Amino acid sequence: MSEAARSRLIPEVDFDADGKQTGYVRLFHSVHASAYGFIPIPIVVIKNGAGPTALFVSGNHGDEYEGQVALANLAKSLDPATIKGRVIILPMANFPAAMAGRRTSPIDEGNLNRSFPGHPDGTVTQQIAYFIEHVLIPKADVVCDLHSGGSSLMYVPCALIKRAADAGRHAQQAALLTAFGAPLAYISGGGNGTGTDSTLMGGAERAGKLAVGTELGGSGQVTPAALRIVERGLRNVLVHMGILAEDMRIAGEATRFLEVGGPDYFVYAPDSGVFEPAVELGEMVQKGQLAGRIHFPETPWAPAVAFHFGHAGFVLCKRVPGRAMRGDCLFHLGTDVHAQL
Ligand code: CA
């Protein structure tokens, strides 16, 4: 049996038919309230003849809404007659998490973006990861996974790629990131640890597919500024791949490119209490500069714990909720890329 055939998920759409098809990917899930029912994961396939395939995903984390709005808009507005090739839209990839407005699934607590390559017979979240890795990604030439900071983080809206060890792949990825046309973009160092990359972008890389992501803001909200950036970026990716004609490109401002390096780019809460940030998103900071303090209002006479940036750079991401636990990520930085990408 092929790897794709081992997936238990059943798409209602025909990936090879021309036109716009809408429906659900059925994930059968037998529970007390629904013995023979399925979880309906929405999917849209827009196809016109032969050509490249773009796979656009959001709702990988269910509390990240900017991509879900952008893909809902795209599903309605993209006319099959204007494209050459195929666009597959999966706006609520971790459907149970997205319906609950949570990062992780209320069914199995699964974090979809830590579940790749998934398992065909695993938990609900593992089955979704397996379907994306072994059924959808193999059909794609380019993959866009639309994230934001979710409930607990806020980003300066940006696009991103993962640094590739192979120079040829890296050049193609950098060209894709440039084509996206976000005002801010970053290159990530490639996650924690050296094991299997358990993210969707990791799955795209394993399959040798081009892959661009976003961090569109966060705080569990949608902003017009983030939508402008992502909707322009998706359009420009389709032009870059030759799925949309060149005259459909939307010119943006020049992109500022950052790099997110090792552990010293991240600031974590040194204690549990109330987080007082000392800087704002978008500020440039110096190594050793005060990043914030943790307060203990339950013992207001106890001294607050100050903490500092371990690296100079641009404040790209900041924690949203006021209460923080020891170990929570409070900030992460990026540094300007001055050399060729
Ligand atoms: Ca995310």
Side-chain angles (χ1 to χ4, degrees), residues 41 55-72 89-106 108-118 125-126 128-129 132-133 136-137 143-163 177 180 182 184-193 197-205 211-223 225-227 229-230 233-234 258 260 265-266 268 281 315-321 327-334:
I41 305 170
L55 170 61
F56 290 166
V57 178
S58 59
N60 179 342
H61 288 140
D63 60 343
E64 301 174 7
Y65 303 105
E66 300 91 334
Q68 296 183 45
V69 172
L71 292 186
I89 299 172
L90 193 71
M92 296 175 104
N94 194 349
F95 179 79
M99 287 300 289
R102 291 175 53 83
R103 181 175 180 82
T104 54
S105 175
D108 56 16
E109 291 301 324
N111 179 341
L112 180 59
N113 216 33
R114 302 291 182 275
S115 300
F116 288 83
T125 305
Q126 289 168 342
I128 295 171
I132 294 171
E133 173 117 2
L136 295 184
I137 289 175
V143 177
C144 295
D145 189 21
L146 305 174
H147 285 254
S148 77
S151 308
S152 73
L153 297 172
M154 186 67 182
Y155 272 85
V156 183
C158 58
L160 65 121
I161 56 171
K162 187 183 156 188
R163 178 166 292 288
L177 185 62
F180 194 99
L184 192 71
Y186 77 88
I187 300 165
S188 77
N192 297 322
D197 186 333
S198 56
T199 67
L200 195 156
M201 298 271 275
E205 185 178 40
V212 62
T214 61
E215 293 292 357
L216 291 166
S219 308
Q221 57 171 314
V222 180
T223 64
L227 279 180
I229 290 167
V230 64
L234 292 173
L258 303 174
V260 175
Y265 280 60
F266 293 77
Y268 299 97
L281 277 173
V315 181
L316 188 55
C317 177
K318 171 180 167 287
R319 177 176 171 83
V320 174
D328 284 338
C329 179
L330 303 180
F331 292 106
H332 88 73
L333 303 172

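All ligand and atom numbering here is 1-based and tracks the order in the structure. Only a predicted model underlies this, so the values are computations on that prediction, with no experimental measurement involved. Just the heavy atoms: all of them, side chains too, but no hydrogens, waters or symmetry mates, feed the values below. Residues: numbered from 1 along the sequence shown.
Two residues are said to be in side-chain contact when any heavy atoms from C-beta on lie closer than 4.5 Å; C329 and R319 fail this criterion. Between L234 and L71 there is a side-chain heavy-atom pair separated by less than 4.5 Å. Counting heavy atoms from C-beta on, the side chains of V260 and L160 never come closer than 4.5 Å. Between T199 and N60 there is no side-chain heavy-atom pair separated by less than 4.5 Å.
Partner of H61 under the side chain to side chain donor-acceptor pair (under 3.5 Å) criterion, out of N111, D145, N94: N111 alone.
Relative orientation of the Y186 and Y155 rings is parallel, given thresholds of 30° and 60° on the angle between their planes.
Under 3.0 Å from the Ca ion (ligand 1), one finds the following protein N/O/S atoms: H61 ND1, E64 OE1, E64 OE2, H147 ND1.
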